[in-house]
Amino acid sequence: MTSPARPPRAARPQSPSRPKGQGQWALGYSEPLNPNERMKKDQDGLAVRERILNEYPHTGFDGIDPQDLRGRFRWWGLYTQRRPGISGGRTAVLEPEELDDRYFMQRIRLDGGRMTSEQLRIIADISTRYGRDVADVTDRQNIQLHWIRIEDVPAIWGALEAAGMTTEESCGDTPRVILGCPLAGVDADEVIDATGVIDQVVERFVGDTTLSNLPRKFKSAMSGCPDQCTLHEINDIAFVGVVHPELGPGYDLWVGGGLSTNPKLGVRLGTFVTPERVPEVWHGVIQLFRDYGYRRMRTRARLKFLVADMGVEWVRSTLEKEYLDAALPDGPAPLPPRNEGRDHIGVHQQRDGFFAVGFAPRAGRLTGTTLTAVANLADRFGQGRIRATTTQKLVILDVPGENLDALEAELAALDLVVRPSVFRRGTMACTGIEFCKLAIVETKGNARDLIVELERRLPDFDEPIGININGCPNACARFQVADIGLKGSLVPDDNGEMVEGFQVHLGGHLGTRSRLGRKSRGLKVTADGLVDYVVGLLETYQEHRADGDTFADWAERADEALLTGVGSGSASAGSASAGPAGGRTEGGAT
């Protein structure tokens with residue numbers, strides 16, 4: 001696909017640091033500059049739908065064109081799984097076709113994390129019927145299924161679309177799922193309900209072929225949540241609920257956030273966006289990214305690099321002059337979040353007198369059978385409304401007070417906990433080596449074992465703690481902004497053998513004072529030594545913290561010896577072990 005025709009515009013704002021030759025369409029660099037850009041120029045990613053429905057189910061896996069298989073399939077939420085039995089040490093060595101299994105991960109797009117009980121039952125049935133009864137709730141409010149065969153995709157899509165769901169643009173160089181607050185419309189302290197603007201943007205722009213060839217993925221958040229649960233600091237674009245002194249409730253606009261191998265926190269443009277202008281402004285920013293974003297190197301093709309290079313003033317000026325009908329007024333910054341945890345776990349009273357009940361699976365891993373039971377509980381004890389959160393959790397809305405105890409007991413019988421330990425509540429894990437071709441280590445199992453052991457060995461620890469476990473450097477589980485962030489890597493054990501382990505990042509935080517975690521000179525821990533290290537670290541925190549210290553506050557300033565000299569000798573401070581070799585930064589990123 002080539003750049004869409006654009007009308008003449010006024011002279012563009014100049015900057016002395018304007019990058020040259022980075023593949024920016026707006027500056028005339030329209031030639032394909034890497035294999036991904038060539039693939040997209042040959043045919044738009046969305047066009048593969050017809051082949052998925054009408055050709056490949058008949059040819060089978062072996063008949064799939066490689067450009068479709070490892071490229072355009074992502075535009076419809078399909079990734080090949082990792083072939084079983086391939087160790088993490090071979091991740092960066094093998095060619096993609098050597099890593100491919102003959103099965104797919106299928107991501108289901110759930111904008112705002114919203115589902116009805118009937119929709120969740122459909123997802124659950126697909127999981128049990130076609131996906132070996134496996135389902136993952138992601139930290140971007142999607143649900144991912146595994147073990148999907150190409151022959152079954154038409155039936156899966158038919159069932160999803162008949163129930164009002166889609167997999168369209170849930171992956172690929174597209175506008176991904178839009179994050180929204182799971183309590184939107186019911187939270188009594190909500191600044192503004194963003195449900196309507198999310199729906200407008202999705203209806204107008206998801207599937208728009210003028211936006212389906214972006215330099216890379218484009219992640220959005222829209223919320224008036226008083227907890228700021230949609231993580232505006234790490235999205236490409238975020239609309240954060242604020243109240244303007246003259247114009248009333250609306251949104252503060254943030255751009256340029258993102259993690260992966262080059263993490264950057266988003267920045268405010270200083271503008272106020274009224275609700276009716278949200279679709280126009282969102283469309284303006286994504287077009288600016290499409291036209292000015294870097295396409296020469298995939299590793300610099302996210303909006304965060306353009307914002308960092310060109311600055312807030314250039315971004316706002318270009319947006320207003322080239323893409324909007326009128327300038328935006330200045331506006332106030334958001335208030336501090338009501339709750340730093342941002343997870344909506346537990347029982348919360350709604351503005352209408354009913355209750356929202358949030359509960360925690362183990363690191364987002366569920367089964368289709370369990371999802372069916374959750375859908376049934378939402379009907380029995382509520383009104384059939386379920387929400388996914390940005391922390392791999394679920395919420396049932398509209399529960400009468402007299403049903404709370406019974407619902408909590410029924411959920412507990414499913415191993416879904418409404419009042420979890422701080423460890424279960426605060427632990428997230430990405431897909432990991434079990435299914436992801438980019439991963440170096442196992443994640444879901446390590447997370448499960450870590451939760452169990454921390455609960456057993458530190459039963460009285462009650463400080464909120466975020467432990468995010470990632471299988472590779474791509475930050476699908478946001479390891480850089482966790483209290484304890486674990487990035488999958490190969491590390492030396494006591495005998496000098498390279499084994500599965502983690503590079504440790506400590507003291508990351510999103511909230512009142514957002515910051516990235518510190519690396520502590522490449523602190524590493526083996527997977528086998530992980531429990532001992534984390535237990536020792538938390539005990540050291542309890543011993544040495546000052547009054548009122550959160551873990552992130554303490555870890556940010558703690559002497560390095562306190563951070564490395566804990567546990568049973570499984571951690572060491574030294575140069576970070578190498579992860580996958582450069583460039584491969586797509587894969588199963590959520």
Side-chain angles (χ1 to χ4, degrees), residues 139 227-229 231-234 257-266 336-337 339-343 390-391 422-423 425-430 446-447 450 454 458 461-470 473-489 491 501-525 529-567 570-577:
D139 57 10
D227 294 338
Q228 299 170 5
C229 69
L231 316 171
H232 58 277
E233 303 97 330
I234 55 172
L259 296 178
S260 192
T261 52
N262 288 281
K264 297 182 185 297
L265 297 178
N339 169 24
E340 298 282 332
R342 297 177 160 187
D343 62 7
T390 60
T391 57
V422 293
F423 304 119
R425 182 170 185 165
T427 299
M428 298 198 308
C430 73
N446 277 321
L450 182 61
L454 289 174
L458 297 175
F461 190 96
D462 60 0
E463 296 288 330
I465 190 76
I467 305 174
N468 292 13
I469 305 177
N470 232 84
N474 287 318
C476 299
R478 309 196 298 257
F479 66 88
Q480 299 103 325
V481 291
D483 291 307
I484 303 173
L486 302 167
K487 182 185 78 172
S489 183
V491 305
F502 300 92
Q503 182 183 54
V504 182
H505 295 237
L506 297 173
H509 184 70
L510 295 178
T512 302
R513 191 167 68 84
S514 297
R515 57 200 183 269
L516 302 173
R518 59 186 283 194
K519 291 185 182 181
S520 296
R521 295 181 185 173
L523 170 63
K524 305 178 292 290
V525 59
L530 180 61
V531 172
D532 286 340
Y533 173 72
V534 175
V535 168
L537 181 67
L538 295 178
E539 288 176 337
T540 302
Y541 157 63
Q542 289 182 309
E543 180 182 354
H544 292 276
R545 66 179 175 173
D547 288 344
D549 263 354
T550 66
F551 180 89
D553 292 335
W554 171 78
E556 186 179 36
R557 68 169 191 275
D559 186 271
E560 196 162 284
L562 289 178
L563 305 179
T564 59
V566 298
S570 58
S572 63
S575 59
S577 298

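Keep in mind that this is a model prediction, so the values were computed, not measured. Here, residue 1 is the first one in the sequence, and each next residue gets the next number.
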Could you tell me whether a side-chain N or O of N339 sits under 3.5 Å from a main-chain N or O of G341, the two making a donor and an acceptor?
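A pair under 3.5 Å: yes.
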Side-chain (D532) to main-chain (G529) donor-acceptor, under 3.5 angstrom: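 No, the answer is negative, given that no donor and acceptor are paired below the 3.5 Å cut-off.
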Going by salt bridge (Lys or Arg N to Asp or Glu O under 4.0 Å), name the residues that satisfy it together with [X], two or more places apart in sequence or in a different chain.
X: E340; result: none
X: D343; result: R425
X: R545; result: E463

| query | After noting the C-alpha distance and the side-chain angles of Q228 and L510, does the key distance pass the side-chain contact (heavy atoms from CB on, under 4.5 Å) rule? | reply | CA-CA 10 Å; Q228 299 170 5; L510 295 178; over 6 Å; no
**Item:** Pair K487-Q503, side-chain donor/acceptor within less than 3.5 Å
**Value:**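 There is such a pair (donor and acceptor under 3.5 Å, judged by atom type) between the side chains of K487 and Q503.
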Next on the checklist: For F502, give me all partners under ring pair (Phe, Tyr, Trp, His ring centres under 6.0 Å), at least two apart in sequence or on another chain.
Outcome noted: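 Scan of F502 (ring pair (Phe, Tyr, Trp, His ring centres under 6.0 Å), adjacent residues dropped) gives none.
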Practice task
Please work out whether the ring planes of Y541 and W554 are parallel, tilted or perpendicular, with thresholds of 30° and 60°.
Solution key: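 Y541 vs W554 ring planes: tilted.
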To the nearest 0.5 Å, how far apart are [atom1] in [X] and [atom2] in [Y]?
X: N474; Y: L259; atom1: CG; atom2: CG; answer: 10.5 Å
X: L231; Y: S514; atom1: CG; atom2: OG; answer: 9.5 Å
X: L506; Y: Q480; atom1: CG; atom2: CD; answer: 13.0 Å
X: K519; Y: K524; atom1: NZ; atom2: NZ; answer: 12.0 Å
X: M428; Y: N470; atom1: CE; atom2: CG; answer: 9.0 Å

Passing candidate, side chain to side chain contact (heavy atoms under 4.5 Å, CB included) with V504, options L486, V534, L530: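 Among L486, V534, L530, the one meeting side chain to side chain contact (heavy atoms under 4.5 Å, CB included) with V504 is L486.
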| task | Give the minimum heavy-atom separation between P336 and T512, together with the two atoms involved. | result |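 For P336 and T512, the tightest heavy-atom pair comes out as CB-OG1, 4.4 Å.
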Under 4.0 Å between a Lys/Arg side-chain N and an Asp/Glu carboxylate O for E233 and K264?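 Salt bridge between E233 and K264, a charged N being under 4.0 Å from a carboxylate O: no.
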message = Does this structure show an ion pair linking R515 with E556, if we count only N-O contacts that are shorter than 4.0 Å?
response =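 Yes.
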Review point. Can you name the residues that form a side chain to side chain donor-acceptor pair (under 3.5 Å) with T391, not counting sequence neighbours?
Key: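 Side chain to side chain donor-acceptor pair (under 3.5 Å) check on T391 returns T389.
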Review point. Who passes side chain to side chain donor-acceptor pair (under 3.5 Å) against T550, sequence neighbours left out?
Key: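 Checked T550 against side chain to side chain donor-acceptor pair (under 3.5 Å); matches are D553.
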Check whether any side-chain heavy atom of [X] lies under 4.5 Å from a side-chain heavy atom of [Y], and answer yes or no.
X: T540; Y: L563; result: no
X: F423; Y: L458; result: yes
X: I469; Y: L450; result: yes
X: R342; Y: T390; result: no
X: D139; Y: R478; result: yes

Can you check side-chain contact (heavy atoms from CB on, under 4.5 Å) on I484 and F551, steps first, answer last?
CA-CA 9 Å; I484 303 173; F551 180 89; 3.8 Å; yes
request  = Decide yes or no on side-chain contact (heavy atoms from CB on, under 4.5 Å) for I467 and L454, but give the supporting numbers first.
outcome  = CA-CA 11 Å; I467 305 174; L454 289 174; 3.8 Å; yes
For this session: Determine, step by step, whether L523 and Y533 satisfy the side-chain contact (heavy atoms from CB on, under 4.5 Å) criterion, reporting the C-alpha distance in whole Å, the side-chain angles of both residues, the deciding distance to 0.1 Å, and the verdict.
Result: CA-CA 11 Å; L523 170 63; Y533 173 72; 3.0 Å; yes
